[in-house]
Amino acid sequence: MDFRDTGLEFDQNRIEELDQLRREGYPLYPPVFERKDRIREIREKFSAVGHERSEERVVTAGRLYTVRNHGKTIFADLGDERARIQLYIRKNDIGEAHFDFFSRYIERGDIIGIGGYPFRTKLGELTIWVDDIVLLTKSLNSLPEKFHGLTNVEKRYRQRYLDLIMNTEIRETFRMRSLLISEIRSYLTGRDFLEFETPILQPVYGGANARPFTTYHHCLCQNLFLRIAPELYLKRLVIGGFEKVFEIARNFRNEDIDTRHNPEFSMVEIYEAYRDYNDMMALTEGIISHLVHTICGKYQIEFGGGHLDFTPPWRKMSMEDAVRDLAGLDTRSYSLEDLKKIAGDKGIEGYEAATSWRELLVLFFEEMVEGQLIQPTFIYDFPIENSPLAKKHRSKEGFTERFELFICGMEIANGFSELNDPLDQLGRFQRQDDMRKAGDLEAQMLDYDFIDALGYGMPPTGGVGLGIDRLVMLVTNQSSIKEVILFPQMRSEGDATLKSSDKNEAGTP
RNA sequence: GGGCUUGUAGCUUAGUUCGGAAGAGCGACGGACUCUUAAUCCGUAGGUCAAGGGUUCAAAUCCCUUCAGGCCCGCCA
């Protein structure tokens, strides 16, 4: 096997060992190993074992993390998914041939199966007195340093498998991510919601304000967009008669990458007929407090050096009240011109184009209030200008029945009483489309099919979307989204020609 | 897009301030060792100092450009 021109840098010694084993007829890469015990179970079951070897034999498997060879005895540390245990291997016990085989061909990083008897060494370490060893997988790459491990952040993200091998606490973070998602699923399905999958490739994108990724379907001869949100398809399901639906959706937004944004991110979107935004706030509070309590065991958690308390009920404020009480600005008592002057004085950008005081309210909120919302806080009643998919407020002129949940200054959830008036929706879309054609790269497209669907009638419906990645950040106390996404998007490195010549020309308008 | 900052052996790194022969630990390789645990001891090999250019008698070190990261800010309602 020649891999000299592949860029692979396998350890030559290990390659040679492998060749030798093959020549000797050793069964390499066997298909199966009858593992009877997991290390964590062994540790629990034999926690009281003494210096005498246990009568009971265990059979387990895992990766070798360290090997300490003492000549005629070897100590080694074997690790599986959840735990590690020490191995004790003596020439006397396994015989000279077997012992030499181990010394010569089995090393740190290899995956082996073993059998033996638990006991405790004189230094008190629970250990397996090994009587049988099988090489299951020869590793051709040597592991990073045993003490410091892998700390290079870039390498950790690019070679996450190595990060997971070496930094086993990272596995805990992703275990919690997996648990969180399955808890969301069971919470909702336990309340009679149905989970569906809607198109990721969409001819018309919508449901959020964001730039999409564009691709091209050769047989259809048309551009398609990777969805920025599942919203408009899930509402079609409600129109179709499904009353409680949700999707755990990967969304794609063609925007910059930082500690809180990855181009693809996960969200759960939930719609329920005959409910409004108050019900959705209650549902959001119910789900998230349940998640925190289930995963962390309590409602109070630590995050970024501070404390968060998820004990319901959470604080609720209208956007107006939040700006008045937390920023000290009573927007109702000023004229539009005065508010623009205040915005200018505060160095707020983008206020010039505002045509109503409500748009300035949003700017003041974002600039002066968002960062203060550390404990879980619902902000409700958003200006109609910024909420093209939310129903007009039942009593507050110029506002919509929309809310967002903020935790640690981060937007965690966004929901509303869904706009189900087709003509109103058409008008809102037209305004978005005008803005898009005027150069707003994040304004929404006009989705005529969706309007048509609304024309058949959507019941009064409440909807909400929760950002899963950010929830995982909160419960795992991570300040960067890259720490909770297994394979975060990274710029390609190395051969620059790959970037240009492999480019899908048709797919890049 | 802006600011700060990082890149030295497979991994963890010293050396950069103030230019003067690229060092260490782990790992690898050879050897010793029957209760070690970051095992220990003896020996050996391993480097395009991210890449390119410049200044200089002399550059890992100073200057410029580029590449790939990290943190913060902007953008992302």
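Throughout, protein chains are lettered first and strands after them, A, B, ... in sequence-line order, and every chain is numbered starting at 1. These numbers come from a predicted model, not from an experiment.
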Sugar-phosphate only, base, or nothing, as touched by A/F365 at under 4.0 Å among non-hydrogen atoms: nothing

d(CZ, A/R253; P, B/rC75) in whole Å: 17 Å

First of A/E370 and A/W129 reached from the 5' end of RNA chain B, by closest nucleotide: A/W129

P atoms of B/rG10 and B/rG47, separation to the nearest Å: 8 Å

Rounded interatomic separation in angstrom, taking CG from A/D258 and P from B/rU5: 21 Å

Separation of the P atoms in B/rA9 and B/rA24, to the nearest angstrom: 14 Å

Base B/rC76 to side chain A/H261, donor-acceptor N/O within 3.5 Å cut-off: yes

Nucleotide nearest A/L150 when distance is taken to its side chain, options B/rU36, B/rA68, B/rU12: B/rU12

Sugar-phosphate, base or nothing in reach of A/K91, heavy atoms under 4.0 Å: nothing

Pairwise C1' distance, B/rU17 and B/rG25 [rounded to whole Å]: 25 Å

Heavy-atom side-chain proximity of A/E231 to A/E269 below 4.5 angstrom: yes

Between B/rC35 (C1') and A/D77 (CG): distance, integer Å: 14 Å

From A/F46, A/Y117, A/F119, residue fulfilling ring-ring contact (aromatic ring centres under 6.0 Å, His included) relative to A/W129: A/F119

Gap between atom SG of A/C408 and atom CE of A/M473 - 0.5 Å precision: 9.0 Å

Spacing of A/N141 atom CG relative to B/rG27 atom P, expressed in whole Å: 18 Å

A/E145, nearest nucleotide to its side chain (from B/rC29, B/rU36, B/rG25): B/rG25

N/O (side chain, A/T66) to phosphate O (OP1/OP2, B/rU37) under 4.0 Å: no

Sugar-phosphate, base or nothing in reach of A/N386, heavy atoms under 4.0 Å: base

Sugar-phosphate only, base, or nothing, as touched by A/T121 at under 4.0 Å among non-hydrogen atoms: base

Heavy-atom side-chain proximity of A/F101 to A/I106 below 4.5 angstrom: yes

Minimum-distance nucleotide (side-chain atoms of A/H70 versus B/rU34, B/rU37, B/rG74): B/rU34

Side-chain N,O (A/R158) to OP1/OP2 (B/rG69) below 4.0 Å: yes

A/L143 side chain reached by A/M166 side chain, heavy atoms, under 4.5 Å: yes

Minimum-distance nucleotide to A/K122 side chain [options: B/rC35, B/rC29, B/rC76]: B/rC35

Sidechain-backbone polar pair: A/Q372 side chain, A/L326 backbone, donor-acceptor under 3.5 Å: yes

Upstream residue (5' side of RNA chain B) when A/Q489 and A/R90 are each assigned their closest nucleotide: A/R90

Among B/rU36, B/rU34, B/rA68, the nucleotide that comes nearest once only the side chain of A/R68 is considered: B/rU36

Integer angstrom distance from the P of B/rC67 to that of B/rG52: 15 Å

Rounded C1' spacing from B/rG1 to B/rA58 in Å: 40 Å

Proximal nucleotide (of B/rU13, B/rC35, B/rG70) relative to the A/F75 side chain: B/rC35

Check: A/E125 side chain, B/rU36 base, donor-acceptor under 3.5 Å: no

Sugar-phosphate only, base, or nothing, as touched by A/N414 at under 4.0 Å among non-hydrogen atoms: base

Whole-angstrom distance between B/rU13 and B/rU8, as gauged at atom P: 9 Å

Among B/rG1, B/rC76, B/rC35, the one nearest A/D256 by side-chain distance: B/rG1

Nearest-neighbour nucleotide for the A/K482 side chain, B/rA28, B/rG70, B/rU34 considered: B/rG70

Side-chain N or O of A/S480 closer than 4.0 Å to phosphate OP1/OP2 of B/rC71: yes

Watson-Crick or G-U counterpart of B/rU13, or none if no pair lies under 3.5 Å: B/rG23

Partner nucleotide of B/rA60 by Watson-Crick or wobble geometry (both distances under 3.5 Å): none

Rounded P spacing from B/rU40 to B/rG2 in Å: 49 Å

Sugar-phosphate, base or nothing in reach of A/N152, heavy atoms under 4.0 Å: sugar-phosphate

Nearest-Å distance for atom pair CG/C1', residues A/L363 and B/rG74: 15 Å

Given A/T214, A/I200, A/T215, the one that forms side chain to side chain contact (heavy atoms under 4.5 Å, CB included) with A/L224: A/T215

Atom pair distance, as rounded to whole Å: CD1 in A/I15 and P in B/rA28: 16 Å

Sugar-phosphate only, base, or nothing, as touched by A/E442 at under 4.0 Å among non-hydrogen atoms: sugar-phosphate

Sugar-phosphate, base or nothing in reach of A/E404, heavy atoms under 4.0 Å: base

Spacing between A/N69 atom CG and B/rA28 atom C1', to the nearest angstrom: 15 Å

Closest to side chain of A/R491, choosing from B/rC35, B/rG69, B/rA38: B/rG69

Touch class at under 4.0 angstrom, heavy-atom based, for A/K146 against every strand present: sugar-phosphate

Aromatic ring proximity A/Y351/A/W357, centre distance under 6.0 Å: no

B/rU44: pairing nucleotide in any strand, Watson-Crick or G-U under 3.5 angstrom: B/rA28

Nearest-angstrom distance from the residue atom CE of A/M490 to C1' of B/rA68: 8 Å

Aromatic ring pairing A/Y277/A/F403, orientation class (parallel under 30°, perpendicular over 60°, tilted between): tilted

Any A/T259 side-chain N or O less than 4.0 Å from OP1/OP2 of B/rC72: yes

A/Y105 ring center within less than 6.0 Å of A/Y26 ring center: no

Among B/rU36, B/rC11, B/rU34, the one nearest A/K72 by side-chain distance: B/rU34

Sugar-phosphate only, base, or nothing, as touched by A/M166 at under 4.0 Å among non-hydrogen atoms: nothing

Touch class at under 4.0 angstrom, heavy-atom based, for A/F382 against every strand present: nothing

Pairing nucleotide - B/rA68, Watson-Crick or G-U, each distance under 3.5 Å: B/rU6

